[in-house]
Visitor: 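One structure, pasted below without further comment.
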Amino acid sequence: MKNENFDQLIDRKHNNSIKWDLYPEEVLPLWVADMDFAAPPPILEAMQKRIDHPVFGYEGPDAELLEAICNWVERRHHWKVSPDQVMLMTGVVSGMNWVANTFKEDGKDLLIQTPVYPPFFQVAKNTATGLIEAPLTQTDQGYQIDFDEFEKLASSGAGVFILCNPHNPVGRIYTRAELERLGEICLRYGITICADEIHCDLVYSGYQHISIASLSDELAANTITLMAASKTFNIPGLNFSFAIIPNEDNRNRMQKAAAGMTGHAEILANAAAKAAFTQCDDWLVDLLGYLEANRDYLMNFVLAEMPEIKIYQPQGTYLAWLDCRTLGLKPDPYQFFLSDAKVALNDGKTFGTPGEGFVRLNFGCPRATLQQALERMAAALH
Ligand SMILES: Cc1ncc(COP(=O)(O)O)c(C=O)c1O
């Protein structure tokens with residue numbers, strides 16, 4: 001497959017798409033984190049093949065699928081896990097709520113690093129847990145973890161820490177040294193780690209995703225890692241995700257906590273995931289090349305045409321976090337770009353502190369769409 005396929009403009013309007021159907025026709029949506037690209041051909045073929053069999057009865061566990069997941073995690077992330085450690089789930093957000101519910105402790109709070117993907121805040125509400133927000137620090141080198149502050153907050157009564165790596169919205173891929181320090185702190189204070197690594201396959205040149213659980217046996221035993229096929233292969237509507245839980249006791253606790261509340265295998269999602277993890281390596285290479293070029297186009301455009309907006313180069317994800325504070329846009333950048341540029345972004349305020357005066361832009365779209373959106377934004381500013 002060649003890169004130019006990602007240039008294809010696929011009409012997603014009037015298809016019940018959250019991204020494309022919320023705003024009026026004239027608005028270009030660069031918000032919700034799905035991409036405007038077709039799913040890889042092997043996934044479509046695998047689903048078609050399954051549909052060609054007309055009976056959709058109950059399916060049992062699929063050993064080949066679990067094997068494919070383990071091979072993928074080892075091939076791409078150099079982490080050896082076994083099929084018995086993998087639990088299939090129908091979503092990373094529901095997975096993190098499940099983890100938080102299972103491992104919450106009386107009097108202990110949920111720890112997160114802000115700004116962060118909005119459903120993280122909801123987990124505390126859903127599980128009736130207090131919330132501790134450890135803000136990332138904006139420096140000249142990009143977003144960094146203030147470890148003194150993190151440790152102070154972690155030691156003040158955190159029970160579960162939800163790590164977001166790669167980080168949505170700031171696009172950081174945490175280094176081994178950073179993950180080791182985070183891990184040490186969590187082990188020291190007995191904090192269970194829920195690692196949301198849904199964006200782990202979307203990493204650009206010069207960076208390597210590392211799963212925090214892969215760093216040591218202690219961390220593996222203390223961490224529930226959540227991954228998915230959804231972001232990587234642009235199939236989030238199929239709701240295929242999984243947890244890696246190396247510790248048997250933790251696995252049993254998770255299963256017990258959800259006894260009777262999870263269903264049977266999802267036939268089409270499983271067919272799609274098996275094709276994704278066995279036949280789509282080349283497609284992913286092409287996708288990453290296209291996204292990286294989009295990222296560079298975005299960075300260059302902002303620098304040349306909207307230099308008042310501060311933006312750090314995303315190391316991974318197809319999301320960019322735009323600091324518009326010096327522009328003083330009224331009533332806020334999200335509303336401004338929606339009304340004056342007809343471009344829908346995510347409102348930074350919904351990502352917590354510091355988020356006021358920021359917007360998140362999704363560049364997982366054909367270059368022409370990105371270019372049009374950026375030109376509209378620049379024209380609205382000048
Ligand atoms: C960090 C992060 N976690 C989870 C999700 C959603 O996962 P799911 O659709 O599997 O619930 C997203 C989607 O944007 C995300 O960015």
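Both counts, for ligands and for their atoms, begin at 1 and track the order of listing. As the structure is a prediction and not an experimental result, all values here were calculated from the model.
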Visitor: Does the plane of the ring in Tyr290 sit parallel, tilted or perpendicular to the ring in Phe6? Use 30° and 60° as the thresholds.
Guide: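 Plane angle between 30° and 60°, so tilted.
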Visitor: Cation-pi check for Tyr207 against Arg172: NZ or CZ below 6.0 Å from the six-membered ring centre and within 45 degrees of the axis, yes or no?
Guide: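 Cation-pi check for Arg172 and Tyr207: fails.
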Visitor: For ligand 1, is any non-hydrogen atom under 4.0 Å from Asp196's backbone (N, CA, C, O), its side chain (CB onward), both, or neither?
Guide: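 Only the side chain of Asp196 comes within reach of ligand 1.
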Visitor: Would you say Ser211 and Glu197 are linked by a side-chain donor-acceptor pair, where the criterion is simply a distance under 3.5 Å?
Guide: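 Side-chain D/A pair, Glu197 to Ser211: present.
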Visitor: Hey, is ligand 1 close enough to Ser230 that some N/O pair sits below 3.5 Å?
Guide: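 Between Ser230 and ligand 1, no N or O pair is found under 3.5 Å apart.
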Visitor: Counting heavy atoms only, which part of Pro236 comes closer than 4.0 Å to ligand 1: side chain, backbone, both or neither?
Guide: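 Answer for Pro236: neither.
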Visitor: Do me a favour and list the nearest non-hydrogen protein atom to atom 7 (O) of ligand 1 with residue, atom name and distance?
Guide: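 Going atom by atom, the protein heavy atom closest to atom 7 (O) of ligand 1 ends up being Ile198 CD1, 3.3 Å.
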Visitor: Under the criterion salt bridge (Lys or Arg N to Asp or Glu O under 4.0 Å), which of Glu45, Glu64, Glu67, Glu266 is the partner of Lys274?
Guide: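 Running salt bridge (Lys or Arg N to Asp or Glu O under 4.0 Å) over Glu45, Glu64, Glu67, Glu266 with Lys274 returns exactly one hit, Glu64.
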Visitor: Relative to the heavy atoms of His199, which atoms of ligand 1 are at a distance of less than 4.0 Å?
Guide: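 Here the atoms of ligand 1 in question are 1 (C), 15 (C), 16 (O).
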Visitor: Angle class for the Tyr297/Phe301 ring planes (parallel below 30°, perpendicular above 60°, tilted otherwise)?
Guide: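 The arrangement is tilted - the two ring planes meet at 30° to 60°.
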Visitor: Please confirm whether Ser241 approaches ligand 1 to less than 4.0 Å, judged on its heavy atoms.
Guide: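 No, Ser241 has no heavy atom closer than 4.0 Å to ligand 1.
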Visitor: For ligand 1, is Met89 a contact, meaning one of its heavy atoms is under 4.0 Å away?
Guide: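 Contact check Met89 vs ligand 1: negative.
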Visitor: Note the single closest protein heavy atom to atom 11 (O) of ligand 1, along with its residue, its atom name and the distance in Å.
Guide: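 Among all protein heavy atoms, the one nearest atom 11 (O) of ligand 1 is Val93 N, 3.0 Å.
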Visitor: With the threshold set strictly below 4.0 angstrom, can you tell me whether any protein non-hydrogen atom sits that near atom 9 (O) of ligand 1?
Guide: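 Under 4.0 Å from atom 9 (O) of ligand 1, zero protein heavy atoms found.
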Visitor: List the closest protein heavy-atom neighbour of atom 12 (C) of ligand 1: residue, atom name, distance to the nearest 0.1 Å.
Guide: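 For atom 12 (C) of ligand 1, the nearest protein heavy atom comes out as Tyr117 CZ, 3.3 Å.
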Visitor: Please list, in number order, the atoms of ligand 1 under 4.0 Å from a heavy atom of Cys164.
Guide: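 Listed by number with element: 1 (C).
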Visitor: In this structure, are over 12 heavy atoms from other groups packed under 6.0 Å from Arg176 atom CZ?
Guide: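 Not buried by this count: 12 neighbours or fewer within 6.0 Å.
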Visitor: Quick one: which of Tyr312, Phe363, Tyr117, Phe358 gives a ring-ring contact (aromatic ring centres under 6.0 Å, His included) with Trp321?
Guide: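 For Trp321, the ring-ring contact (aromatic ring centres under 6.0 Å, His included) check succeeds only for Phe358.
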Visitor: Using a 4.0 Å heavy-atom cut-off, which part of Val92 comes near ligand 1: side chain, backbone, both, or neither?
Guide: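 For Val92, the contact with ligand 1 is made by both the backbone and the side chain.
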Visitor: Please list, in number order, the atoms of ligand 1 under 4.0 Å from a heavy atom of Ala33.
Guide: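 In order of numbering, the contacting atoms are 14 (O).
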Visitor: Using the rule side chain to side chain donor-acceptor pair (under 3.5 Å), only one of Asp281, Thr278, Asp201 pairs with Trp72; which is it?
Guide: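 Checked Asp281, Thr278, Asp201 against Trp72; only one passes side chain to side chain donor-acceptor pair (under 3.5 Å): Asp201.
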Visitor: Compute the minimum heavy-atom distance from Lys231 to ligand 1 and say whether it is under 4.0 Å.
Guide: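 Per 4.0 Å heavy-atom rule, Lys231 contacts ligand 1.
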Visitor: Under a plain distance cut-off of 3.5 Å, with no hydrogens placed, do Asn168 and Arg360 share a side-chain donor-acceptor pair?
Guide: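 Result is yes, a qualifying pair exists.
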Visitor: Would you tell me whether Asp84 and Ser82 have side-chain atoms, one donor and one acceptor, within less than 3.5 Å of each other?
Guide: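 On atom types as modelled, these side chains qualify, holding a pair under 3.5 Å.
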Visitor: Should you measure from each heavy atom of Gly91, which atoms of ligand 1 turn up under 4.0 Å away?
Guide: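 Those atoms are 10 (O), 11 (O).
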